[in-house]
Amino acid sequence: MVPSASPVLDLTETHEAVLSWYDAHARDLPWRRPRTSAWAVLVSEVMLQQTPVSRVEPAWRAWLARWPTPADLAAAPTAEVLRAWDRLGYPRRALRLRECAAVIRDRHGGRVPQSEEELRELPGIGTYTAAAVAAFAYGRRAVVLDTNVRRVLGRALAGQALPPPALGRDERDRAAAYLPADAARSVRWNVGVMELGALVCTARAPRCEACPLRGSCAWLRAGRPADPHAATRRRQAWHGTDRQARGRIMAVLRARDGWHAEADLLRAGAGGADPAALTDPTQPARALASLVSDGLAVVRYDQQHAGGEHERGTSGVQGAGECNHDGAAPTYRLP
DNA sequence: AAGCCGGGGGA
DNA sequence: TCCCCAGGCTT
């Protein structure tokens, strides 16, 4: 039932090449060490979603030292979780990780579930992370397809410079066809291919001369043809985006405890300039409102002429300055 | 399927 | 400067 998945390379030879290369060249990453808890592995995988290893390593150590178990993290104040997340990026991941910890505590007896299906149900755990935790924390056989594995298999097996933008069924079937049948071996294969993608078969300047698959790689044999989707592959903009504005506002909120004046945050969101001078003057307010909507900030409406003492109410839902608390000045802080 | 969600460091 | 990084969620 998997017609397109018949191996093009010799399975045993390919496995052996990658496994022995991994044995000789693997990095000594802390979450790969024996006796690393399943929770610690899960935390590493969430942090590694779109954040490079070099930046995750110190953050992971500090995080696990502070919150060694799901119950520890689930009990932590949101503001402290967001501060500990610091600049890893995509702070919504930190919120989901804490939700994930609470679900594990409340519905799984405090233990990280073992099956991909159960893992997939947890907040912030998608197809990749569920497979990675099942494989790396529990030694299970799982198809682990991250950006590294996709690139290595795409090159070696399909002769593609880079994997297509969307992960298709054919690609998944092909990866499954190459997964070693033995569970322990499949785990080493998964981490080995991933490591190969990170260290040798890199996106930018692959070092094919150092690759254990150089003798059989379809892409290398074809003369390393260019990426056919290069034109359609558009990188996300950064400068001048709402994401940049959100990031700047979050940095200010993390830097100091307590309530922040709206004007200060809007100015921060504008990069220190007058928000009115921006191409899109509404951007800082939109960014701030979206942070509140995402649960990354909370707003409170103070009476302007009551010495800031009288609290008119707080909300995790209202947008920046968009409701009718007349005479009330909105202030914000971390949740 | 497409868009959105951070931030930094290496090339 | 540009580009990529152990993705996930929403629409």
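Each chain gets a letter, A, B and so on, in the order the sequences are listed, and its residues count up from 1. Heavy atoms only: backbone and side chains are in, while hydrogens, waters and symmetry mates are out.
Looking at the side chain of A/R27, the nearest of the listed nucleotides C/dA6, C/dC9, C/dC5 is C/dA6. When distances are taken from the side chain of A/D146 to each of B/dG6, C/dA6, B/dC5, the shortest belongs to C/dA6. Distances were taken from every side-chain heavy atom of A/Q49 (C-beta onward) to each of C/dA6, C/dG8, B/dC5; the shortest belongs to C/dG8. Looking at the side chain of A/Y128, the nearest of the listed nucleotides C/dA6, C/dC9, B/dC5 is C/dA6.
Across all strands shown, A/P165 has no heavy atoms under 4.0 Å from either base or sugar-phosphate atoms. Using a 4.0 Å heavy-atom criterion, one finds that A/G89 contacts the bases of the nucleic acid, with or without backbone contacts as well. Residue A/L29 is in base contact, counting any heavy-atom pair closer than 4.0 Å across all strands shown. Nucleic acid contact for A/W85: none, since no nucleic acid atom lies under 4.0 Å from a heavy atom of the residue. Within 4.0 Å (heavy atoms only), A/T241 reaches no atom of the nucleic acid at all.
At a threshold of 4.0 Å, the pair A/R107-A/E121 does not count as salt-bridged, since none of the basic side-chain nitrogens sits closer than that to a carboxylate oxygen. Checked for salt-bridge contact, A/E209 and A/R214 miss the test: no charged N lies under 4.0 Å from a carboxylate O.
Here the P atom of nucleotide B/dC5 and the CD1 atom of A/I249 are 12 Å apart, to the nearest Å. When rounded to the nearest whole Å, the span between CG of A/L95 and P of B/dC4 equals 21 Å. Counting to the nearest Å, the C1' atom of C/dG7 and the CZ atom of A/R172 are 12 Å from each other. Atom CG of A/D294 and atom C1' of C/dT10 are 11 Å apart (whole Å). Between the CG atom of A/L199 and the C1' atom of C/dC4 there is a distance of 15 Å, rounded to whole Å. Atom P of nucleotide B/dA1 and atom NE2 of A/H229 are separated by 13 Å, given to the nearest angstrom. One atom, OH of A/Y90, and another, P of B/dG6, lie 7 Å apart when rounded to the nearest Å.
Side chain A/R243 to base B/dG7: no donor-acceptor pair is found below 3.5 Å. Side-chain to base pairing of A/Q236 with B/dC5: one donor and one acceptor N or O lie within less than 3.5 Å of each other. Counting distance only, with no hydrogens placed and no angle test, the side-chain atoms of A/T127 and the base atoms of C/dG8 include no donor-acceptor pair under 3.5 Å. Counting atom types as modelled, A/R204 pairs no side-chain N or O with a base atom of C/dC4 as donor and acceptor under 3.5 Å.
In a base pair of the Watson-Crick type (N1 to N3 plus N6-O4 or O6-N4) or a G-U wobble (N1-O2 and O6-N3), with each distance short of 3.5 Å, B/dA1 is matched with C/dT11.
A distance of 13.5 Å separates CZ of A/R98 from CH2 of A/W85, quoted to the nearest 0.5 Å. Atom CZ in A/R33 sits 10.5 Å away from atom CZ in A/R35 (nearest 0.5 Å).
Between A/R87 and B/dG8 there is a side-chain N or O to OP1 or OP2 distance below 4.0 Å. Residue A/R151 places at least one side-chain N or O closer than 4.0 Å to OP1 or OP2 of C/dC5. A close approach under 4.0 Å does not occur between any side-chain nitrogen or oxygen of A/R55 and OP1 or OP2 of B/dG9. Taking only side-chain nitrogens and oxygens, A/Q50 comes nearer than 4.0 Å to OP1 or OP2 of C/dG7.
Annotation: side chain of A/D264 is in contact with side chain of A/R267 (closest heavy-atom distance under 4.5 Å).
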Start with the C-alpha gap between A/R92 and A/E99, add the side-chain angles, then the distance that decides, and say whether salt bridge (Lys or Arg N to Asp or Glu O under 4.0 Å) holds.
CA-CA 11 Å; A/R92 296 189 298 183; A/E99 293 169 25; over 6 Å; no
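Between A/T129 and A/R233, the residue anchored nearer the 5' end of DNA chain C, judged by the nucleotide with its closest heavy atom, is A/R233. In terms of position along DNA chain B, the nucleotide closest to A/A166 lies nearer the 5' end than the nucleotide closest to the other residue of the pair A/A166 and A/R254. With the nearest nucleotide of DNA chain C identified for both A/P123 and A/T51, A/T51 has the one nearer the 5' end.
Between B/dC5 and C/dA6, the distance separating the two P atoms is 22 Å to the nearest Å. Taking atom P in both C/dT11 and B/dG6, one finds a spacing of 16 Å when rounded to whole Å.
The cluster map of Ile, Leu, Val, Met, Phe, Trp and Tyr, joined by side-chain heavy atoms under 4.5 Å apart, puts A/V53 and A/V46 in the same cluster.
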